[in-house]
Amino acid sequence: MGNVAETDAAVISDAELDKEISDVLIAISVITRQLAKKIAVNHMSKEAKDDEGKRSGEVI
């Protein structure tokens, strides 16, 4: 009977662990998406500055 209780506790623990891992992976995904957007914006901004400098004849 002790084995059944231990098994149930392990299953609950596994379910909680799976939920926690899932939450962490979702958080990582959200942060990664935000960082990717910031990198893309910075890259586009740099390209726009480079293009503007080329049009005005500046040396970059």
Side-chain angles (χ1 to χ4, degrees):
M1 207 159 153
N3 290 338
V4 172
E6 289 174 9
T7 304
D8 289 344
V11 170
I12 292 170
S13 177
D14 286 346
E16 290 173 357
L17 182 60
D18 287 348
K19 175 67 173 136
E20 189 170 338
I21 290 171
S22 174
D23 290 344
V24 169
L25 291 173
I26 289 169
I28 290 170
S29 175
V30 169
I31 291 169
T32 302
R33 187 178 312 131
Q34 291 171 348
L35 289 172
K37 286 180 183 179
K38 287 182 180 182
I39 289 169
V41 167
N42 287 339
H43 182 72
M44 285 189 273
S45 175
K46 185 179 183 304
E47 284 183 348
K49 287 180 183 177
D50 289 348
D51 289 345
E52 184 178 310
K54 287 178 185 177
R55 278 189 237 124
S56 65
E58 295 177 3
V59 175
I60 300 173

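- Under the side-chain hydrogen bond (donor to acceptor under 3.5 Å, both in side chains) criterion, the residue pairs touching residues 22-37 are Lys19-Asp23, with sequence neighbours excluded.
- Applying the salt bridge (charged side-chain N to carboxylate O under 4.0 Å, His left out) criterion to Lys38, with sequence neighbours excluded, gives no partner residue.
- Atoms CG and NZ, on Asp50 and Lys46 in that order, are 4.0 Å from each other to the nearest 0.5 Å.
- Checked against side-chain contact (heavy atoms from CB on, under 4.5 Å), Ile21 has the following partners two or more places apart in sequence or in another chain: Leu17, Leu25.
- The 12-atom threshold is not exceeded at CD of Glu20, counting heavy atoms of other residues, nucleotides or ligands nearer than 6.0 Å.
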